[in-house]
Structure formats: structure tokens, C-alpha cells
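First up is the structure itself, then whatever we jot down about it.
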Protein chains: 2
Amino acid sequence: MDKKQIGEKVDQAASTGRMKLGELGSFIRDQRKAARLSLRKLSDQAGISNPYLSQIERGLRKPSAEILQSIAKALQISAETLYIRAGILDERRDSDTISAILQDPYLSEAHKRSLVEIYNNYLQLSAEAPKAATVKDVTG
Amino acid sequence: MDKKQIGEKVDQAASTGRMKLGELGSFIRDQRKAARLSLRKLSDQAGISNPYLSQIERGLRKPSAEILQSIAKALQISAETLYIRAGILDERRDSDTISAILQDPYLSEAHKRSLVEIYNNYLQLSAEAPKAATVKDVTG
DNA sequence: ATCTTTGTATAACAGTTGCAAGCACTAGAG
DNA sequence: CTCTAGTGCTTGCAACTGTTATACAAAGAT
């Protein structure tokens, strides 16, 4: 990888970061408008300064998780929604139930397998259900 | 609420915050030691400076979600674990499995109830599991 | 004994986060 | 028309986050 390619990689990473902040900001602004709130109203309710909220919406600043939490609460949406958009949290997979079972910290491997199997049996009894997912499908 | 009570409230909140950072730091140190890693080794693997990791472990600094993510990855634990301890994420994610079962669009109510019951039975067979969660607990 | 590793202290520093004060503009009321 | 209230943004700044470099004491290894 020569210098030109390294330069391109860096530029790409930088603009990707900015895009993420812009998306988050746009999303917050959209939610705010959907809630019929002015920027000042939302900032008051979230307990943050209105210039700062403005900067966040325009993607100029990267707010901490705490600020995101405050905004989410004021918007009456889940904080996780904002965390996901901010890149703090991963997006849940499609096969939530199996995924949740497999990641449960309190289940043994044997119990996990049993639950997955029971779950798949139940799916087969439901005409509207998708094709039964396997453990392999989930772990990829 | 008179001034004395307000003062006590503020003091309590402040010390609660400090306790939270100390808990997080202790947890990270415990995990590090369980993994038989030196502070310098973990900081290298996490890509953060060792004095900073030391300060985090001693509860002197409040790391960003990104730093927590790096530490979690180096410790091979989920970032969510650290987020919860840092107060970024609610512990209600602990009942992910039940929550996922209940929200699964392809399960009938009867099947949901059955799966939850089986899950709770498995929890009771595990000494380390938390107290069995009920459907009511999850839905709030 | 010496040398290495470990965790911590400290200071200086750069960059970032979030705020307060203030500005420019628009819409509506009188 | 003027004035007021509301709106979103600009700017400068303080505090914080995270780094680097250096140093030290204690523990562990040879």
C-alpha cells in the first residue's frame, strides 16, 4: 500500500465519521420536528444548551452517551435508538429470539440449544413463520 | 424540602456518581486479573495509554463509550457489560431473552408463555442466575 | 546482588465537549 | 410602523478526555 492509497484510506475514514454524525443529527432533528418541538424547547427538556443541540443536529459535534440519553428521554424515544445511530451500540439482528437466547449470560450451552430447538418447533407450528433458523444462521 | 435536605440530596448524587466510576473501574480490574493480563498488556491490546487505564481502574476518570468498547474488546467481554456498569445502558437488557421472546412476531401468546416458563426453569437450575424474571417485570 | 516488570504519579499538552453570551432573522401583536 | 417573542446559529471559553514522556517504588525474576 503506497502513500496515495494510505491517504485515500484516511480520507475515507474521516468522511465516514462525519457522515455518521450527520445521520445522527438529521435523525434527531427529524424526531424533534415530528414531535413539533422547537430547538429551544427540546434543549430545555433535555437539559442541554440550545446552541449545543443545534451543533449536534448539524453534525458538528459528537455528543456523549449521556447527552444522547437526555435527548432520547426528552424525545420520548429509547436511548438505544440513538446509541445505534451514533455507533455506540450494535443493531439487533433479525433473528432476535435465537440471538438473545444464545447471548444470554445465565444459560448453559445445553439449555441454549434446548430452547432454540423448542423455539424452532413452535415456529414450525405457525403457518406464518419464516423457515426455521439454525444456530449457524445466527452466528454467521 | 428545606436546604438541609437538598444538600443531602446533592451530596448523595455526587457520591453515587463516584461510586459508579469506582465500580466500573473495579470491574475492569477484576476482569483484567481474571484474564491474567498486566495493566500494560491490556492497555496495549485495547489501544489506550497505560496511565489512563490505571486512572480508569481507580475510578479517577470517566471514559467515553469508545474507550469502553476498546477495553471490552480487549477483555473479550461484551461492550454492553461495561456500558451497563458505566450507567450508559439500562440493566433491563438483562431480560433480553424474555423480552425477545415476547416481542417475537411469529410466536403465539401461548408459545411465548411456554418459552418464558421453560427459560425461567432453566434459570432456577443455574446457581449464578438472577432471580427469575416474570412477564410483568419485563413489560414494566 | 542486578535487572525487569508492574502499577502509579505527575506534568504538559492537544483536542474535544458542552456552555453562556450574544447575534441575526422571522412572525406576530399592538 | 415599532416592539416583542421565538427561532436557530456564532463565538469564545472552561472543563474534561486521553496522550506522551518521565520518574519512582515495589515486586518478581535471574
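Just so you know, these numbers come straight off a predicted model, no measurement behind them. A, B, ... follow the sequence lines: proteins, then strands. Residue 1 opens every chain.
- Residue A/Phe27 comes nearest to A/Ile77 through the heavy atom pair CE2-CD1, 4.1 Å, listed as atom of the first residue, atom of the second, then distance.
- Partners of B/Arg85 according to the side chain to side chain donor-acceptor pair (under 3.5 Å) rule, which considers only residues two or more places apart in sequence or in another chain, do not exist here.
- Going from atom CG of B/Leu21 over to atom P of D/dG18 covers 12 Å, rounded to whole Å.
- In terms of phosphate contacts, A/Arg58 brings a side-chain nitrogen or oxygen within less than 4.0 Å of OP1 or OP2 of D/dT10.
- Regarding A/Tyr52, its OH atom lies at a distance of 16 Å from the C1' atom of D/dT11, rounded to whole Å.
- Both B/Lys33 and A/Ser64 lie close to DNA chain C; mapped to their nearest nucleotides by heavy-atom distance, the more 5′-ward contact belongs to B/Lys33.
- Taking A/Ala46 as the reference, A/Ile48, A/Ser70, A/Ile71, A/Ala74 meet the side-chain contact (heavy atoms from CB on, under 4.5 Å) condition, with sequence neighbours excluded.
- With rounding to whole Å, B/Glu57 atom CD is found 12 Å from C/dT6 atom C1'.
- Position along DNA chain D of the nearest nucleotide to B/Pro51 versus B/Lys62 favours B/Lys62 as the more 5'-ward residue.
- Annotation for A/Arg32 and A/Leu39: closest pair NH1-N, 3.0 Å, computed over non-hydrogen atoms.
- Out of C/dG18, D/dG8, C/dG7, the shortest distance to the side chain of B/Leu39 is found at C/dG7.
- Rounded to an integer number of Å, the gap from CG of B/Asp44 to P of C/dT5 is 13 Å.
- Nucleic acid contact class of A/Gln55 (heavy atoms, under 4.0 Å, all strands): base.
- Using a 4.0 Å heavy-atom distance criterion, A/Leu53 is classed as making no nucleic acid contact.
- If you check distances only, the side chain of A/Arg40 does reach the base of D/dT7 with a donor-acceptor pair under 3.5 Å.
- For the pair A/Leu60 CG and C/dC19 C1', the interatomic distance rounds to 16 Å; values are reported in whole Å.
- Side-chain atoms of B/Ser26 come within 3.5 Å of backbone N or O of B/Gly22 as a donor-acceptor pair.
- Distances shown here put every side-chain N or O of A/Arg29 at or beyond 4.0 Å from the OP1 or OP2 atom of D/dT7.
- Look at CD1 on A/Ile67: it is 13 Å from C1' on C/dT16, rounded to the nearest Å.
- Contact between the side-chain N/O atoms of A/Arg61 and the OP1/OP2 oxygens of D/dC9 is not found at any separation under 4.0 Å.
- If you check every strand for non-hydrogen atoms under 4.0 Å, B/Ser49 touches a base.
- The interatomic distance linking B/Ile71 (CD1) with D/dT17 (P) rounds to 13 Å, in whole Å.
- The shortest distance between the side-chain N/O atoms of A/Ser54 and the OP1/OP2 oxygens of D/dT10 is not below 4.0 Å.
- We find that CG of B/Asn50 is positioned 17 Å from P of D/dC24, with the value rounded to whole Å.
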